[in-house]
Structures are given as structure tokens and as C-alpha cells.
Number of protein chains: 2
Amino acid sequence: MKLSSRSRYGLRAVLDLALHYGKGPLQIRAIAAREEISNKYLEQLMTILKTSGLVRSLRGPKGGYILSKPPDQIKLKEVITALEGPLFPVECLQHPQFCPHCAECITRQVWADVQEAMLGVLEATNMQDLVDRVKTSENRKA
Amino acid sequence: MKLSSRSRYGLRAVLDLALHYGKGPLQIRAIAAREEISNKYLEQLMTILKTSGLVRSLRGPKGGYILSKPPDQIKLKEVITALEGPLFPVECLQHPQFCPHCAECITRQVWADVQEAMLGVLEATNMQDLVDRVKTSENRKA
DNA sequence: ATATAGACTATTAAAATAGTAGGTTTATAG
DNA sequence: CTATAAACCTACTATTTTAATAGTCTATAT
């Protein structure tokens, strides 16, 4: 029941982009350095995020990546789903035919409750919320 | 972010034991047949549950497994933790030294929120709750 | 032109997962 | 006392996923 590094790194990269929203593109190299992720691995994550439509890329010198929407319009759920795939704790919630017991399975209801609890958090929070948290935490420090 | 089959099967096995609580031991063969799990694989799961103290075993003919406490004293969290290991969506929540950014990491707070939401469900529900749900769902059918 | 930066394709080492196989021990029923 | 039922124990294995790494190709700003 662990999240992949893909999602951990990816969310940090998106937060980095959100912190720079409106200030031009960020390069992989810069993000990777700040977040201490391998250049090449981050490249793959950015490709995933680009395919999902969350970020846009600009090629060539002075290129890089930008968010395709303002941070307050990006729910965490979108980011994590893009990176991690559909957020089902068990296969049978997504594909009932996966298990012949689905119709009457009581444990399946439990997993539905768990899923709902998780999604509740990820739908209630957007990238701007995280940006704000970063800024207040930086003020506290200063 | 998927639960292992270990946990899915294991919880179903524990629920099976809970449904028969007080009526003597259940054999692996019987549980495996009802839940459509391989005998040998279920055997491993029962060993895990036994090591964690959730079930007790009786050897020899007419032996089998029983819950070591009444169903209303077994929270789902105990069962899942026994099978799945500690329920941390990211390593750095459990071991802050895992990542050098932990102190100031805002995404880490998100994962803490997600964890709290999940654990909320798993701590609020016990095995007797599931037994009750099975019984009401059976009554509805009849 | 040329340097910069993303895009694409392939490979890989390590770990986890979901089993399978087969023999050993223990307790009970007859 | 002996046959048998059942848990117990050790080992193996095929598959998948993960987290990268490597190298080449393409677009573009200056």
C-alpha cells in the first residue's frame, strides 16, 4: 500500500511548476536539481504529465515546462491519477468481473470506504493550496 | 497504490473466521474452498496472521484456526497491518531520514492527510461490524 | 550555424508478488 | 497403537513492477 516514487517525485515537480506559475518555463535540469531527482527519470515523469494534459512543453533553448492551467484549477487527484493510474485500492472496485464474489463481498465495501476517504483528501486539495502552504511555512521560518 | 492479494484474501479469511466465531476451529481447506483461494497460499497467510497474534491454531485432526479475540475487539487496521505491513503511503512518513527534504516538504503533509483518512476508516471498523453487514445483506436476500 | 532543451526508444538490475511443491510434525479418532 | 488429518516448515519460481540509465533524434532561439 505504498505510493510509487513516480507519484512522489511527480507531485513535487508539479508543485515546483506551480510555485513558478506565470514566470515562464522551467527546465527539467532545474527541477531535477532542486528536487534531487535524476534528470532522465524526471524526463519520463514529465512525459507522463504532458500526455495527461497537465503540463505543456516548449522545446529549444529557453524552453522547458509550464502548467497548462492555473494551480488553483489543478486538484491533487488529477496529478496523482495521471502518475499513478486510477486510484483503486483493489482491482474489483474498478472491474467487478475481476472476482466472482463481488456482488455479495462485504470486504469490497470496506475498500470502497477507504477509497472514498483517500479521494476526499485529494479532491479537496488543489495545487494552489500547496503553494500557499509553502509560502506560509517559508514566512514562519524567516 | 494497490493493496496486495495477501491483504484482500487475508481479510476475507479473517471475516470467515469471525462468522464462525465460537463454533470451533475452521480448517484451511474449508476456508480456501469458500473463498476460492489456493490452499497453499492461504496457508502462508494464516501463518502471518498467527505470528501477529490475531489467530490461534489447533493441530491434528479436527484442528484448524480460530480468532484469538472476539470479532468486536479486532479492528480492521490490525488485520491489514498484520498482512500488509505498516500503512504508510510514503516511506518518509515512517522514516523521516528517508528523504533530506522531509523537514520542509509540503507534499509530505499531503500524504499524512491521506494516511489519516485511510486509517480513520480502518480504525473505526471492526470485524464484528463486517459480520453484521454480512448478516443484514443475507437477510435482504432471503 | 550551433548550442540548448525536450522527445523517443530501448535496456536493465533489483525487488516484490503470487503463487507452487514437497516433506515434517503433532494430535486425535478408532 | 496406528492411521490419518491437519498444521508447520523450507525452498523454489515465474511474472510483474519499479526505478532507473543510455543513446539518439528533433525543434528552436540567438
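Throughout, protein chains are lettered first and strands after them, A, B, ... in sequence-line order, and every chain is numbered starting at 1. Just so it is clear, the structure is predicted and the values come from calculations on it, not from any experiment.
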Value in whole Å for how far the P atom of D/dA20 lies from CD1 of A/I48:
13 Å
Salt bridge (Lys or Arg N to Asp or Glu O under 4.0 Å) with B/R34: which residues, sequence neighbours excluded?
B/D16
Crowding at CD, B/Q109 (>12 non-hydrogen neighbours, <6.0 Å):
yes
I need the CG-C1' distance between B/L26 and D/dA5, as an integer number of Å.
16 Å
A/D132 side chain to A/Q128 side chain, donor-acceptor N/O pair below 3.5 angstrom
yes
Phosphate oxygens OP1/OP2 of D/dA7: is one of them under 4.0 Å from a side-chain N or O of B/T47?
no
Could you state the atom-to-atom distance from CE of B/M46 to P of D/dA6 in whole Å?
14 Å
Whole-Å distance separating the CZ atom of A/R29 from the C1' atom of C/dT4:
9 Å
I'd like to know if A/K135 pairs up with A/E138 as an ion pair, taking the criterion as any Lys NZ or Arg NE/NH1/NH2 lying under 4.0 Å from an Asp or Glu carboxylate oxygen.
no
To the nearest 0.5 Å, what is the distance between CD (A/E36) and OH (A/Y9)?
9.5 Å
Given atom CG of A/L58 and atom P of D/dT28, what is their separation to the nearest angstrom?
10 Å
A/L45 CG - C/dA7 P separation (whole Å)
13 Å
Between A/G60 and B/G63, who's closer to the 5' end of DNA chain D by nearest nucleotide?
B/G63
So for atom NZ, which belongs to A/K2, do other residues, nucleotides or ligands contribute more than 12 heavy atoms lying within a distance under 6.0 Å?
yes
What is the distance from CZ of A/R56 to C1' of C/dA7, rounded to the nearest Å?
18 Å
Candidates D/dC9, C/dT28, C/dG6 - which lies nearest the side chain of B/P61:
C/dT28
A/K40 NZ to D/dA22 C1', in whole Å, measures 7 Å
With a 4.0 Å cut-off on N to O distance, would you call A/E78 and A/K69 a salt bridge?
yes
Any A/K50 side-chain nitrogen or oxygen under 4.0 Å from OP1 or OP2 of C/dA7
yes
Under the 3.5 Å rule, do the base of D/dT26 and the side chain of A/R59 count as making a donor-acceptor pair?
yes
At under 4.0 Å between heavy atoms, how does the protein contact nucleotides 12-19 of chain C? Give one character per nucleotide, 5' to 3', with B, S or -.
-----SSB
